[in-house]
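Heads up: the structure comes next, in structure tokens.
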Amino acid sequence: MPELPEVEVTRQSFAPAISGALIQDVKVGKPLRWPLGCAASVLVGQRVLAVRRRGKYLLLDLDGGVLLIHLGMSGSLRFTEQVAPMGAHDHFELVTNRGSLRLHDPRRFGAVVFSHTDDSGMAAKLLGKLGVEPLSDQFDPVRFALDLKKRRTAIKQVLLGGDLVVGVGNIYACEALYRAGIRPTARADRIGRLRAGRLHLAIREVLARAVQQGGSTLRDFSSANGESGHFQLEAAVYGRAGQACRVCATPIASLRQGQRSSFFCPKCQRN
DNA sequence: CTATGGACCTGAATGC
DNA sequence: TGCATTCAGGTCCATA
């Protein structure tokens with residue numbers, strides 16, 4: 001579930017509370033996507049200095065390195081002062097003097113990886129090819145339009161790729177394309193400046209709005225304090241196949257692209 | 001180098 | 001009720 005808004009909402013929900021905390025213990029469940037990259041005992045005794053986000057990764061700055069956390073498809077974090085035994089789908093926990101940060105991830109597509117710096121070891125590999133942050137000034141409409149000209153694939157695939165812009169997953173790609181009036185199947189290199197500019201704005205607006213709304217809770221996402229998101233209630237197309245477009249009442253259509261569902265309004269998104 | 005498809009894993013919903 | 005199939009918020013990797 002977690003796309004940029006959910007990851008950012010999660011970050012905001014525990015960053016202030018955990019910053020400065022001393023790691024006292026580390027608990028591990030079943031294996032995640034990648035091994036931790038160090039002995040769990042290496043983390044004990046380190047302090048959490050800050051929590052950053054890069055794309056869909058959370059980066060916990062520690063005294064001696066950085067801990068990358070990715071939520072995969074079904075992951076969520078919880079930061080609480082309560083002590084509870086690890087459940088069947090709890091696969092990682094940092095016990096600190098301020099509370100425990102626990103990763104719950106049934107499908108285990110998520111990951112927790114330790115590296116000494118952002119650009120060394122596994123972190124370098126995972127973060128190295130990421131595109132620009134969509135909510136930063138680095139995301140420039142002119143540059144975006146030029147970059148799209150180099151891609152012959154469907155625009156939806158380009159957005160999901162994450163090597164141009166990060167953070168846009170299946171929900172927000174569909175929503176941004178709807179707002180921009182562009183079909184998910186449109187070839188990226190056929191999108192001109194004007195429409196690229198619209199898409200650029202749509203991406204920023206949708207993501208910012210979703211962060212405001214606490215993200216989307218489709219199944220069981222919640223922030224680290226257990227709060228659900230509300231953006232799914234105002235989604236225009238995602239998950240709405242067959243329902244009326246909120247603007248023109250045309251039934252929302254769906255199709256398959258790269259083994260993922262795309263949703264769009266055939267009338268509002270003409271090409 | 002670019003584009004596509006499979007792989008990873010579990011649970012919920014659907015269909016016969 | 002039971003069992004098989006399909007689908008789900010991501011993204012790495014092998015293959016054309």
Side-chain angles (χ1 to χ4, degrees), chain A residues 1-11 29-35 37 53-58 68-77 87-92 103-113 121-131 147-177 184-190 206-207 210-211 213-223 228-235 237-242 254-263:
Chain A
M1 70 113 330
E3 301 182 34
L4 182 150
E6 292 74 30
V7 177
E8 177 59 19
V9 164
T10 297
R11 188 190 71 77
K30 289 185 186 176
L32 293 163
R33 179 149 193 189
W34 292 291
R53 179 188 56 73
R54 177 75 177 98
K56 297 171 188 169
Y57 289 92
L58 284 174
L68 312 222
I69 300 178
H70 195 288
L71 303 178
M73 287 279 262
S74 59
S76 60
L77 288 173
H89 298 304
D90 297 329
H91 304 302
F92 186 83
L103 173 67
H104 178 82
D105 184 6
R107 293 179 73 180
R108 290 190 282 128
F109 290 170
V112 180
V113 174
M122 194 65 181
K125 182 178 175 183
L126 296 176
L127 305 176
K129 290 179 179 175
L130 295 185
D147 286 338
L148 292 184
K149 285 292 171 195
K150 301 172 192 163
R151 305 298 193 89
R152 300 182 188 188
T153 333
I155 182 62
K156 166 97 182 300
Q157 310 281 46
V158 173
L159 294 181
L160 291 183
D163 46 339
L164 237 175
V165 202
V166 294
V168 183
N170 208 28
I171 299 176
Y172 303 108
C174 292
E175 294 299 314
L177 287 166
T185 48
R187 271 176 53 157
D189 61 355
R190 298 251 201 84
V206 163
L207 295 177
V211 170
Q213 291 302 297
S216 296
T217 296
L218 296 187
R219 178 173 257 119
D220 58 1
F221 167 76
S222 60
S223 70
S228 293
H230 304 291
F231 186 85
Q232 73 282 1
L233 299 175
E234 55 188 72
V237 290
Y238 185 83
R240 299 191 66 239
S254 70
L255 53 79
R256 224 58 203 160
Q257 288 179 286
Q259 305 158 192
R260 326 271 325 253
S261 293
S262 291
F263 302 89

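In this text the structure is predicted, and so the values were computed from the model without any measurement. Chain identifiers are assigned alphabetically (A, B, ...) following the order of the sequence lines, protein sequences preceding nucleic acid strands; residue numbering begins at 1 within each chain.
A:E8 places no side-chain N or O within 3.5 Å of a backbone atom of A:V211 that could act as its donor or acceptor partner. A distance-only check finds a donor-acceptor pair linking the side chain of A:Q257 to the backbone of A:P184 [under 3.5 Å]. Between the side chain of A:K149 and the backbone N or O of A:D189 there is at least one donor-acceptor pair closer than 3.5 Å. A donor-acceptor pair is defined here as one N or O able to donate and one able to accept, closer than 3.5 Å; such a pair exists between the side chain of A:R256 and the backbone of A:Q259. Under a 3.5 Å cut-off, the side chain of A:T217 and the backbone N or O of A:G229 do form a donor-acceptor pair. For A:R53 (side chain) and A:G55 (main-chain N/O), a donor-acceptor pair under 3.5 Å exists by modelled atom type.
The gap from the P atom of C:dC3 to that of B:dC9 amounts to 24 Å, rounded to the nearest Å. Rounded to whole Å, the P atom of B:dC1 lies 22 Å from the corresponding atom of C:dT11.
Between A:W34 and A:M122 there is a side-chain heavy-atom pair separated by less than 4.5 Å.
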Contacts under 3.5 Å, N or O only, protein and nucleotides 13-16 of chain C:
unit_1	atom_1	unit_2	atom_2	d
C:dC13	OP1	A:K125	NZ	3.1

Under 3.5 Å, which N/O atoms of the protein pair with N/O atoms of nucleotides 7-11 of chain B?
unit_1	atom_1	unit_2	atom_2	d
B:dC9	O4'	A:R107	O	3.4
B:dC9	O3'	A:R108	NH2	2.7
B:dC9	O2	A:R107	NE	2.9
B:dC9	N3	A:R107	NH2	3.3
B:dT10	OP1	A:R108	NH2	2.7
B:dG11	OP1	A:H89	NE2	2.9

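Not a single side-chain hydrogen bond (donor to acceptor under 3.5 Å, both in side chains) links A:R152 to another residue, sequence neighbours left out. For A:K30, the side chain to side chain contact (heavy atoms under 4.5 Å, CB included) partners are A:H91, A:R108, not counting sequence neighbours.
Whole-Å rounding puts the A:L255 CG to C:dC7 C1' distance at 16 Å. Between the P atom of B:dT4 and the CZ atom of A:R187 lies a distance of 11 Å, rounded to the nearest Å. The separation between A:D163 atom CG and B:dC1 atom C1' is 12 Å, rounded to whole Å. Distance, A:R260 CZ to C:dC7 C1': 11 Å, rounded to whole Å. At whole-Å resolution of the value, CG in A:L148 and C1' in B:dA3 are 16 Å apart. Spacing between atom CD of A:Q257 and atom P of C:dA8 amounts to 13 Å, rounded to whole angstrom units. In this structure, the CD atom of A:Q232 is 15 Å from the C1' atom of C:dA8, given to the nearest Å. When rounded to the nearest whole Å, the span between OH of A:Y57 and C1' of C:dT11 equals 7 Å.
For C:dA8, the OP1/OP2 oxygens have a side-chain nitrogen or oxygen of A:S261 closer than 4.0 Å. Neither OP1 nor OP2 of C:dG10 sits under 4.0 Å from any side-chain N or O of A:H70.
Listed candidates were C:dG10, C:dA8, B:dT4. Nearest to the side chain of A:Y238 is C:dA8. The side chain of A:M73 approaches C:dA8 more closely than any other nucleotide in the set C:dA8, C:dT11, B:dA3.
Note on A:G258: nothing from the nucleic acid sits closer than 4.0 angstrom, heavy atoms only. Counting non-hydrogen atoms under 4.0 angstrom, A:R152 reaches the backbone sugars and phosphates but no base.
One distance of note links CD of A:E175 with CZ of A:F263; it measures 10.0 Å at 0.5 Å rounding.
When every heavy atom of A:P2 is checked against every heavy atom of A:G75, the shortest pair comes out as CG-O, 3.7 Å.
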Could you write out DNA chain B as dot-bracket? Rules: Watson-Crick or G-U wobble, both distances under 3.5 Å, brackets [ ] for crossings, | for pairs with another strand, dot for unpaired.
.|||||||.|||||||
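Sorted by first and then second residue, the pairs that involve residues 161-170 of chain A and meet side-chain hydrogen bond (donor to acceptor under 3.5 Å, both in side chains), not counting sequence neighbours, are A:R151-A:D163, A:K156-A:N170.
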